[in-house]
Amino acid sequence: MARQIKSLLHLREGAAPSNFPHALERADSELAQQITKDPFTLEFLAIDGDAAERQLEDRLGERIIDTLRELGPGFAFVGRQVHFDVDGDDFFVDLLFFHVDQLRYVVIELKTTKFEPRDAGQLGFYVALVEDRLRGSQHQPTVGMLLVADKNESVVRYALAGTSQPIAVSRYDLSPAEQAALPAEDALTRAVALEFDDHAPESA
């Protein structure tokens with residue numbers, strides 16, 4: 001609770017810019033918006049870009065719980081680098097979660113760079129894949145959340161207006177020293193989910 005107060009959780013919850021009001025029914029849009037945050041506080045993910053995989057695994061052993069806690073109640077981990085074959089072409093979703101309270105898949109992409117419009121297109125594509133291949137009739141529409149190091153709010157607004165898939169864009173907070181040590185996106189997303197491979201899914 002002290003961490004949530006310090007990180008101004010009440011101001012961050014539901015604050016991510018999204019196109020949910022246009023891409024989802026009104027009631028569902030309001031529900032989906034509630035699971036967003038802006039920014040996400042991920043200082044606990046600080047890792048050295050030169051760290052060996054075993055070091056990353058050891059350091060992230062307890063941080064997986066922190067990741068779920070920061071995402072919020074109801075999130076359960078589904079997988080990392082989830083593979084989709086699209087007529088012979090291979091695509092991999094970085095991180096896939098399922099929200100057990102809202103009964104929806106949540107696709108999360110992490111970028112260590114400033115938001116660019118093409119990021120929304122990539123995430124929208126992944127959301128469409130999960131929606132088509134994994135969503136059941138009992139599930140609510142799939143949504144995507146893009147976590148970026150920085151963003152221009154106007155650019156985000158225009159980019160979201162150009163996609164029909166429901167996605168939100170959030171910034172994540174790291175100290176300058178931690179940001180400098182951050183590895184490339186593939187290494188970071190692999191590190192975030194490393195411990196999940198050895199544990200059964202759990203929700204926060």
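Every value quoted in this text rests on a predicted model; they were computed, and no experiment measured them. Keep in mind that the numbers below use all heavy atoms, side chains included, and drop hydrogens, waters and symmetry copies.
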Looking at every heavy atom in both D28 and P141, which two are closest together, and how far apart are they?
OD2-CD, 3.2 Å

Is there a side-chain contact between R104 and V106 (heavy atoms, below 4.5 Å)?
yes

State, to 0.1 Å, how close L24 and A32 come at their nearest heavy-atom pair, and which atoms those are.
CD1-CB, 3.9 Å

Looking at D90 and H83, what are the two nearest heavy atoms and their distance?
OD1-NE2, 2.7 Å

Output the distance between atom CD (Q165) and atom CG (N19), rounded to the nearest 0.5 Å.
8.5 Å

So P21 and R26, do their side chains get closer than 4.5 Å, heavy atoms only?
no

V169 side chain reached by S18 side chain, heavy atoms, under 4.5 Å:
no

How long is the straight-line distance from CD1 of I35 back to CZ of F97, given to the nearest 0.5 Å?
11.0 Å

Let's go through D150 and R171 carefully: what are the C-alpha distance in whole Å and the side-chain angles of both, what is the deciding distance for side-chain contact (heavy atoms from CB on, under 4.5 Å) to 0.1 Å, and is it a yes or a no?
CA-CA 6 Å; D150 194 12; R171 186 174 55 82; 4.1 Å; yes

Before you tell me yes or no, could you show the steps for Q33 and L31 under side-chain contact (heavy atoms from CB on, under 4.5 Å), namely the whole-Å CA-CA distance, both residues' side-chain angles and the distance that decides it to 0.1 Å?
CA-CA 5 Å; Q33 189 66 42; L31 278 176; over 6 Å; no

Rounded to the nearest 0.5 Å, what separation is found between the CZ atom of F91 and the CG atom of D89?
5.0 Å

For a salt bridge (Lys or Arg N to Asp or Glu O under 4.0 Å) check, start with the C-alpha distance between K151 and D38, then their side-chain angles and the critical distance, and finish with the verdict.
CA-CA 11 Å; K151 58 186 169 73; D38 191 28; 2.9 Å; yes

Should V148 and Y158 be counted in the same cluster of Ile, Leu, Val, Met, Phe, Trp and Tyr side chains packed under 4.5 Å apart?
no

Tell me, do Q138 and L103 make a side-chain contact under 4.5 Å, heavy atoms counted?
no

Can you find a pair of side-chain heavy atoms, one from V107 and one from T142, that are under 4.5 Å apart?
yes

Taking atom CD as the centre, does E25 end up with more than 12 heavy-atom neighbours from other residues, nucleotides or ligands that are less than 6.0 angstrom away?
no

One should read off an interatomic distance between H99 NE2 and H139 NE2, to the nearest 0.5 angstrom, of 13.5 Å

How many angstroms lie between atom NE2 of H22 and atom OG1 of T163, to the nearest 0.5 angstrom?
12.5 Å

Surrounding CZ of F92 (heavy atoms of other residues, nucleotides or ligands, distance under 6.0 Å), is the total greater than 12?
yes

Taking atom OG1 of T36 and atom CD1 of I167, what is their separation to the nearest 0.5 Å?
12.5 Å

V130 and V82: CA distance, side-chain angles, deciding distance, side-chain contact (heavy atoms from CB on, under 4.5 Å) verdict:
CA-CA 10 Å; V130 172; V82 179; over 6 Å; no

Once the angle between the rings of Y105 and F98 is folded into 0 to 90°, is it parallel (under 30°), tilted (30 to 60°) or perpendicular (over 60°)?
perpendicular

Measure across F115 and A159 and return the closest heavy-atom pair with its distance rounded to 0.1 Å.
CZ-CB, 3.6 Å

Full working for side-chain contact (heavy atoms from CB on, under 4.5 Å) between D119 and E109
CA-CA 9 Å; D119 298 331; E109 288 288 305; over 6 Å; no

